[in-house]
Every structure is written in C-alpha cells, then in structure tokens.
K.L.:
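Below you will find the structure I want to go over with you.
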Amino acid sequence: MKMTEKYNHKNVEPKWQKAWEQAGIFHAENDSSKPKYYTLIEFPYPSGQGLHVGHPRSYTALDIVSRKRRMQGYNVLYPIGWDAFGLPTENFAIKNHVHPKDVTKKNVARFKSQLQSLGISFDWSREINTTDPSYYKWTQWIFLQLFKKGLAYKKEMAVNWCTSCKCVLANEEVVNGACERCGSEVVRKVKSQWMLKITAYAERLINDLDLVNYPDRVKAQQKNWIGRSTGAEVDFTTTTGDILTVYTTRPDTLFGATYMVISPEHPIIEKLSGVIGNMDEIRKYQEAAARKSDFERTEVAKDKTGVKIEGVEAVNPVNGRQIPVFISDYVLVSYGTGAIMAVPAHDTRDHDFAVKFGLPIIEVVKGGEDVQKEAFTDCATGIMTNSDYLDGLSVDDAKKKIIEKLEESGKGKAKVNYKLRDWVFSRQRYWGEPIPIVHCPCCGAVPIDESELPLELPEVESYEPTDNGESPLAKMTDWVNTKCPKCGGDAKRETDTMPQWAGSSWYFLRYMDPHNDKALASKEALDYWTPVDWYNGGMEHTTLHLLYSRFWHKFLYDIGVVPTPEPYAKRTSHGMILGENGEKMSKSRGNVVNPDDIVNEYGADTMRLFEMFIGDFENAAPWSSSSIRGCRRLAERFYNLMNIMTDDEGIRAELEGPVNKTIKKVGDDIEILKFNTAIAALMSLINDITATGSVTKGELKVFTILMSPFAPHIAEEVWSQAGLGEGFVSIAPWPEYDESKCVESTIEIVVQVNGKVRDKIKVAADIDQEGALSQAKASEKVQSFIEGKNIVKEIYVKGKLVNIVAK
RNA sequence: GCGGGCGUGGUGAAAUUGGCAGACACGCAAGAUUUAGGUUCUUGUGCCGUAAGGUGUGCAGGUUCAAGUCCUGUCGCCCGCACCA
C-alpha cells in the first residue's frame with residue numbers, strides 16, 4: 001500500500017482551481033438541452049476592506065446547491081459581478097485624489113482573487129460590473145422606459161438630507177433619523193428630486209408574494225413595510241365652507257370624533273390665513289416643527305404638542321356637530337391626507353392629546369373600561385353605541401354601513417392607503433449612473449435619445465460634493481450645457497446621478513446575456529433563464545434591494561421585456577457570522593477575522609466546511625478559531641482514507657445502510673439549507689468507515705462525490721489520486737440511494753414503563769404490536785418495574801417504542 | 001405599540017407527524033503511540049449519586065400513556081417597523 005503524502009492545501013487548491021477554469025466546467029450554456037437552474041447570490045460591493053468572512057457563508061451555500069445541481073444534470077447559471085457604484089469608493093477617491101474608477105478596479109481585483117481562492121464555482125465568463133458603461137447603458141435605458149411610462153418624475157419635496165454625505169437619501173436609507181451609511185444626522189430639506197413611482201406597484205408587490213417561495217419573515221417584513229391599510233376618506237366641511245378630507249381606518253367611530261388635527265404643513269392653513277385668528281401662534285408652531293429633524297420629531301413623540309386654530313371649526317358630516325381643528329406634528333403630512341379626525345375614546349394618541357387639551361371624549365364602542373381614563377382600541381369585540389344608526393352593530397358591520405352611507409351622501413368613500421412612499425431616486429454625487437435627461441427651458445425634462453446611451457460620466461477634476469447640494473457634475477459646464485433633443489435649443493443636462501440601488505435592481509437579468517449590446521439581454525436568454533430559481537441574500541436587503549428589484553422586474557414585465565411577473569422564485573437568507581465574542585465583527589471591536597488568513601492556514605475547503613458547519617444557516621453564529629480544527633480534521637481524515645483503500649469496487653454489507661442513509665441525508669439537507677447536519681452525517685459516515693480499518697474503492701467513490709460540493713478541491717484530488725472515476729468529480733453524477741437499504745432489518749426499540757425508559761430491546765424491523773409487547777415484557781428490567789402492578793394500558797409505536805402503563 | 005424570531009451541557013449546536021433529549025463537533029479528562037511548538041488513535045464526558053436510581057430543554061401551570069415540540073400565563077434576549085390615524 002502506497003502512503004500518500006500529508007495533505008497540503010497550498011498545492012492542491014490552486015491546482016484544481018486552474019484546472020476547472022481551463023476546462024470551463026462551470027460555464028453555463030445559453031443553448032442547452034438540459035434543464036436550467038439559476039442560483040444567485042447578492043453581488044458584492046467591492047469595498048476597500050476586502051472580503052469579509054460573512055461573504056463566503058452565502059456564496060458557499062449556493063455553491064453547494066449549484067454543484068449538486070450540476071451533478072444532477074442541470075445546466076446551472078451561478079454568476080458573479082460587482083455592485084461598484086457608491087459612496088465609500090467615492091469618498092476614498094476624494095480623500096486620496098484618485099479616480100473612483102481606479103479605486104474600483106483595484107478593489108475588484110482584490111475581491112476577485114480572494115473569491116477565486118475559495119473555489120466557488122462561479123461562471124467567471126459572465127462577470128459584470130455596474131460601473132461599466134456597457135452595463136449602465138441598460139440601467140439608463142430602463143430609467144428612460146420608466147420615464148416614458150410616467151413612473152419617473154421630478155418633484156419639489158422635503159427630502160432626507162445627510163449632513164455628512166451631502167446627499168439625499170431614500171426613506172429606506174434613514175435609520176433612526178440617521179444616515180444608514182455614515183450615521184450622521186439627517187435633516188429635511190426641500191429639493192427638486194427624481195422620484196420613481198413604486199407606490200403604483202404597492203398592491204402587486206404585496207399580492208404577488210403569493211407567487212413566490214420566500215421565508216415568512218421576509219414576506220411579513222415586506223408587507224409591513226408597504227403597510228397597506230383599509231379605511232375611508234371622509235370630507236368634513238369647515239365653517240369657512242372649505243373641505244377638509246381625512247383618512248381613517250376606523251370610520252365606524254365617526255360619531256366619536258370630537259376634534260380634528262391637521263399636520264403643520266397642511267396647505268389649508270395658508271388658504272385660511274386671513275380667517276385664522278391666531279396666525280402668529282400657528283406660524284411659530286410651523287417653524288418649530290420644520291426645524292425639528294425626523295429624529296427629534298419622532299423621538300419627542302411621548303408628549304403631544306399642538307395649537308388650536310382660532311376662528312375655524314369643522315362640521316362632522318354624520319351629525320352636523322361643530323368641532324375644533326388643531327395643528328400638531330403628530331399628524332404627518334406625508335401619509336393619508338395630512339389630516340385626521342380625532343376619536344380620543346378609541347385611539348391612544350388622540351386620547352393623550354385630548355387629555356392634554358381638555359377635549360371631550362365620547363365612547364362609541366362599548367366593551368372597554370372607562371374611556372375617560374384610557375382609550376379602548378380593541379375593535380374586534382366591541383359593539384357600537386352613541387352612534388345613531390350604527391348603535392348595536394359590531395365594529396366590522398358598522399364600518400361597512402358607514403362607508404355605504406358616506407358614499408350615498410357623497411361625503412366619503414372607501415380608501416386603501418400605503419405607508420410605502422415613492423422612491424427618491426436622485427443623488428447629488430459623482431460616482432453613480434448619470435440620469436439621461438436634459439432640462440430644456442422650452443420643453444421641460446426631455447429624455448435623451450436611446451441611441452445616445454450610454455450617457456457616460458465625464459472626467460471631473462474634483463469629486464467633492466458641493467455645499468449647496470448640487471452634484472459635482474454641475475461644475476462640468478462642457479458636459480452640462482447641451483442641446484435639447486426635442487427642440488434643439490440650449491439646454492442643460494441633469495446633474496444628479498442614480499442611487500446605488502439602481503444597478504442592483506436588474507443585474508440578475510444581465511447575467512443571462514452579459515455581452516449583448518443590442519438589448520439588456522436577448523429575448524431567448526430571458527425566456528430561458530427567468531426566473532432566478534434560488535436567490536440567497538441578507539435580511540438587511542428585504543425592504544431595499546429586494547423590494548426595488550421586484551418593482552423594476554414587474555415594470556419590465558409590464559412593458560414586455562421579461563416573461564415572468566416575479567424575478568426570484570425562491571429566496572433564502574443567511575445569518576451573520578459574528579466575532580468570536582458573539583458581537584458583530586468590526587474593526588473598532590477588534591474581532592475581525594480575515595478570510596485570507598483562514599485560507600492560508602487551513603485551506604479553502606476547511607473554511608467552506610467550517611462556515612457551513614458553524615450552525616443553523618439562517619441564524620447568526622459566532623466564529624470559533626478552535627472549532628475550525630474539527631473541519632480540518634475531517635478534510636485530513638478524508639484524504640487519509642486513500643491509505644487504507646482496497647481495490648474492491650463494491651460497498652461492504654455492513655456499510656450499505658450507513659452509505660445509503662448518508663446519500664439521502666446529505667442530499668435532502670442541502671435542499672433545506674441544513675448544511676450543518678449534512679456535514680455531521682458525513683463525519684458520522686467517515687467514523688463508521690474508519691472503524692472498519694479499511695475502505696473499498698466503491699465506498700470511497702461515493703464518499704468523495706458527497707464531499708465534493710462542500711470541499712471540492714480535496715474531493716477532486718482524492719478522485720484523481722485514487723483513480724475513482726473519469727474527469728472531474730465536480731461534474732460526476734450525484735449518487736442515487738436505495739430506500740430499502742436505508743431501513744435496518746433489526747432495530748432497537750425503547751421500552752418505557754409509565755413513560756420512563758427502562759430498557760431497549762433488539763427486534764426485527766417488521767415486528768407487530770403483540771410481538772413487541774411480549775418481548776418487552778420479557779425483559780428483566782421491565783419486569784422489575786411492573787411487578788405487582790396492574791397493566792392498565794399498552795402503547796406500541798411502530799419501529800420506535802413500547803410504553804407500558806402500570807399501576 | 002405592531003410584526004418576526006429566539007431561550008437546550010463548559011462551548012457551537014442536533015432532535016419528521018408529540019415517541020430514547022444532547023446527534024455531530026469544540027473543549028476537557030485519562031490512557032496508548034509518538035511528533036517534542038498545536039500530531040494521531042482509544043476511552044470517558046448534562047447534572048446529583050460509588051451504585052441502583054433520581055433529575056434535566058428560561059420560569060409557572062395545563063393537555064397526554066408520552067411534551068424541547070401542543071395550549072395558557074410569565075420572564076429575558078435579538079431583529080425589523082413605528083405618532084402611518
């Protein structure tokens with residue numbers, strides 16, 4: 001027997017990476033008779049820090065799936081690219097006086113070599129980069145289509161302004177009143193901004209969640225974010241004869257409305273300024289509210305403030321009662337109509353306000369405690385009262401009836417509202433896709449001709465954002481000054497750029513046909529590959545990227561570009577890898593693990609095995625520098641099996657059960673993301689094999705195939721050194737298991753007396769109840785526990801246990 | 001406040017329809033071989049107890065022959081949203 005050398009990952013891993021690349025075995029075919037399978041991971045942002053150990057967790061998981069699919073005979077597309085526009089690169093470029101393009105190039109090169117050292121079976125021939133003009137040409141093209149359909153529009157509005165990035169942020173990018181990226185304060189600023197009408201798709205973005213296989217938590221979070229609510233709009237007439245429309249989800253409580261509140265920005269205030277008696281006071285309140293940042297405005301939520309509008313009252317349309325109108329910043333101008341009817345008896349916020357301002361509280365739903373003390377908000381159980389024709393009805397019935405009445409009288413109607421806002425799409429920065437629009441004094445906003453795409457970023461001297469909130473592009477007069485595509489007159493280019501989310505909203509389509517210069521992808525490619533079969537990514541993208549890209553995809557579906565209403569058939573999410581101390585990895589905490597060090601010390605296979613073994617894939621898991629050795633041991637024990645290999649091509653009888661069970665277990669577990677238990681099963685099998693002191697060639701062959709998705713380099717090495725088969729194990733057929741071999745002929749069943757385990761007996765697998773019970777009762781141990789007692793009941797669970805209940 | 005999730009050994013974690021709690025690892029202990037910087041192998045390892053046995057999945061109840069799993073209550077932690085009418 002020839003002793004193999006000690007396993008050396010430093011030689012083996014690069015060797016096979018090169019061999020795979022040369023043979024092109026991971027290239028997806030656009031023209032294939034095989035069934036297709038499209039696996040996708042969120043393409044990375046090539047940051048200056050290099051790869052994080054978190055990246056490979058997701059990439060390895062879908063690599064395992066992709067490799068298994070190839071072995072099962074699928075034509076697999078598992079692509080990779082770079083989401084490379086964005087602020088960190090731009091900020092680095094500014095600081096170091098280099099072009100963001102060069103920074104990106106360098107970062108991409110580093111990421112690429114790091115990823116390639118992990119042996120992930122990406123199809124590198126389809127690599128894309130969002131900052132490549134041949135790519136962003138199509139990002140701009142999609143924008144133009146959105147513009148043409150009226151879904152991209154410019155609007156003067158209060159936006160989130162990051163004081164440090166000097167840039168507008170989408171609502172989704174503001175976290176607790178601070179910039180998601182840099183943590184600086186975000187203030188409101190009125191600016192003219194490009195917007196995308198994602199709200200037009202709100203209903204479909206909710207409903208079509210039924211068409212896809214996403215985790216419930218992802219669906220719930222998206223629904224929550226879109227925030228659909230049903231209710232009614234009700235018109236209140238003011239004593240000045242104006243109409244004040246409110247939105248309410250509780251039209252049933254209309255008889256309990258004792259005052260109204262409008263937001264400080266409500267336009268009716270200006271309209272009535274001549275009539276309002278205390279305009280000075282109102283203005284003061286408006287100014288104070290405007291000065292507050294989002295953060296303060298929500299943080300100071302506990303104590304309600306407001307001012308009563310003197311000289312104007314509103315009339316409740318159902319009972320003609322006159323009620324006062326207040327302004328208060330607890331009512332948001334951006335939601336509903338910016339005005340509410342206040343029902344303090346049945347809304348805690350209204351209750352707080354009413355108590356503070358001494359306003360009447362009228363109970364209209366019976367069933368609570370004293371509404372003077374606390375609002376009764378549980379609408380499921382209550383019965384209407386003090387509400388004229390609604391009295392005695394349930395809340396649900398009352399809602400229906402009042403809406404009917406309002407619609408009859410023309411004073412209101414049923415209405416659905418969403419929390420989702422339109423997407424603020426402008427950024428006042430350099431390193432993004434230029435928005436392909438020209439502003440003409442005569443024609444307004446005019447799209448540039450599609451033949452002019454891509455509209456490339458001009459070279460600029462300085463990327464510094466300007467203090468007045470304009471993009472650095474605004475200083476490029478040569479570029480900015482142009483002719484109107486419509487009338488030919490002097491005009492100026494739009495100088496804002498698109499947000500980082502633009503390029504990632506459709507990138508999965510480009511992978512299908514990445515070099516196409518006639519279309520974002522050919523129709524044939526789109527028809528063949530769409531939808532993505534399995535998309536894995538982080539939970540943090542649920543309300544940003546995932547929602548945005550679903551929106552774009554639905555739009556592309558509507559204009560006939562893509563063949564499916566949803567981009568991703570199945571979505572899964574990985575948990576974070578934490579530092580060894582259980583905290584999030586960060587430089588400041590000093591708990592960062594560099595993947596390069598791990599690959600260098602233990603090898604990519606060990607790194608892959610460990611990241612999959614570390615815990616439940618969907619939950620966060622702390623890194624452990626000692627546990628990783630267990631995975632290295634598995635790799636070495638696997639390699640050393642070659643030392644005890646016999647020429648027998650078969651599988652020995654005593655290992656048929658374990659081998660077949662492991663094939664089943666590993667295969668099944670990969671499908672449900674249980675990589676940790678799949679690896680545990682492989683460990684068990686190698687324990688069983690080594691316990692016999694030898695391994696047959698046939699056994700090693702199966703074991704090597706099962707190992708190869710997890711530890712592909714070492715599997716390839718064993719495959720070749722031991723002469724287990726032709727070609728690459730990476731594309732060898734996935735083994736079938738024999739169900740009949742998975743069941744043992746004799747099994748051990750547990751014998752309980754009164755629910756406590758007293759003995760275990762070996763019986764034939766097909767034993768019947770009588771046989772099992774009589775054998776159980778024959779056990780000495782069992783007898784000692786039932787002696788002198790009456791057997792009241794006997795339970796037999798087939799193949800599992802016997803329970804004897806004795807008193 | 002709303003939505004989602006979690007709580008199991010010294011550690012990471014396993015556990016179809018309720019059916020042997022702790023698979024598989026890490027760590028630790030003892031032993032063997034042996035390399036003398038971390039190797040490999042064997043055995044043991046939830047807790048109490050020499051043992052028989054008892055006990056044990058955040059806590060308190062309940063259903064059941066049988067509960068980590070189902071039900072009720074409660075405590076603690078994490079994530080997302082949040083004055084959304």
Side-chain angles (χ1 to χ4, degrees), chain A residues 6 175-176 215-225 227-229 231 246-250 253 261 263 297-304 328-332 334-343 346-350 352-353 377 417-421 539-540 542-543 575-576 582 609-610 613-616 618-631 633-634 636-637 640 668 674 676-687 690-691 748-760 781 784 792-806:
Chain A
K6 196 169 178 296
V175 177
N176 288 333
D216 288 342
R217 56 183 176 153
V218 171
K219 288 190 183 183
Q221 214 168 299
Q222 288 210 343
K223 280 183 190 163
N224 206 269
W225 184 263
R228 184 182 199 272
S229 70
V246 302
Y247 172 70
T248 176
T249 56
R250 294 295 305 276
T253 62
V261 187
S263 77
R297 215 166 138 161
T298 53
E299 192 61 7
V300 191
K302 282 129 209 164
D303 199 22
K304 302 263 181 297
S328 172
D329 62 6
Y330 87 87
V331 173
L332 307 174
S334 53
Y335 183 76
T337 61
I340 62 157
M341 64 175 208
V343 186
H346 304 290
D347 182 286
T348 45
R349 296 154 303 182
D350 296 348
D352 291 349
F353 192 88
T377 55
N417 251 318
Y418 303 94
K419 290 184 202 170
L420 184 70
R421 303 265 69 87
M539 279 305 286
E540 71 275 17
T542 302
T543 53
M576 249 192 296
L609 283 166
F610 179 59
F613 188 63
I614 196 167
D616 186 336
E618 297 183 271
N619 289 330
W623 186 266
S624 165
S625 49
S626 55
S627 292
I628 193 168
R629 296 209 194 102
C631 291
R633 261 171 224 153
L634 171 63
E636 285 175 5
R637 293 177 71 199
N640 292 337
D668 291 351
K674 296 275 183 190
N676 51 342
T677 50
I679 292 169
L682 289 164
M683 286 171 168
S684 284
L685 181 57
I686 204 169
N687 288 344
T690 46
E748 194 176 68
I749 63 174
V750 170
V751 184
Q752 297 180 332
V753 178
N754 294 334
K756 288 188 178 164
V757 181
R758 296 303 181 186
D759 201 2
K760 292 171 185 182
K781 283 189 192 165
S784 71
V792 222
K793 202 169 183 181
E794 293 167 333
I795 289 116
Y796 172 61
V797 181
K798 195 171 185 307
K800 291 236 167 82
L801 61 68
V802 165
N803 188 12
I804 299 165
V805 187

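Numbered from 1 within each chain, the chains take letters A, B, ... in sequence-line order. Keep in mind that this is a model prediction, so the values were computed, not measured.
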K.L.:
Can you tell me which stems RNA chain B forms, taking runs of 3 or more consecutive Watson-Crick or G-U pairs with both distances under 3.5 Å?
P.N.:
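The stems are B:1-7 with B:75-81, B:10-12 with B:24-26, B:27-32 with B:40-45, B:46-48 with B:53-55, B:58-62 with B:70-74.
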K.L.:
Does the side chain of A:R637 reach to within under 4.5 Å of the side chain of A:T690, using non-hydrogen atoms?
P.N.:
yes
K.L.:
In whole angstroms, how far is the C1' atom of B:G1 from the NZ atom of A:K419?
P.N.:
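So the NZ-C1' distance, A:K419 to B:G1, works out to 11 Å.
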K.L.:
Please determine, for the side chain of A:S229, which listed nucleotide (B:A25, B:G27, B:A85) has the closest atom?
P.N.:
B:A85
K.L.:
Could you give the distance separating B:C70 and B:C26 at their C1' atoms, to the nearest angstrom?
P.N.:
34 Å
K.L.:
Pick the C1' atom in B:G73 and in B:C20, then give their distance to the nearest Å.
P.N.:
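Here B:G73 and B:C20 have their C1' atoms 30 Å from each other.
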K.L.:
Name the residue closer to the 5' end of RNA chain B, choosing between A:N754 and A:K674 according to the nucleotide with the nearest heavy atom.
P.N.:
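Upstream on the strand: A:K674.
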K.L.:
May I ask you to verify if any side-chain N or O of A:K219 is less than 4.0 angstrom from the OP1 or OP2 atom of B:G3?
P.N.:
no
K.L.:
Would the base of B:C83 count as contacting A:K304 through its side chain, where contact means a donor and an acceptor less than 3.5 Å apart?
P.N.:
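Answer is yes: a donor-acceptor pair is held.
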K.L.:
When you measure from the side-chain N and O atoms of A:R629 to the phosphate of B:G27, is any distance below 4.0 Å, counting only OP1 and OP2?
P.N.:
yes
K.L.:
Nearest to the side chain of A:A680, heavy atoms from C-beta on, is which of B:C65, B:A23, B:A25?
P.N.:
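Looking only at heavy atoms from C-beta outward on A:A680, the closest nucleotide is B:A23.
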K.L.:
Using the C1' atom as the reference point in each nucleotide, state the distance between B:G46 and B:U35 in Å, no decimals.
P.N.:
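To the nearest whole Å, 35 Å.
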K.L.:
Under the rule syn = chi within 90° of 0, otherwise anti, which is B:G49?
P.N.:
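Base orientation: anti.
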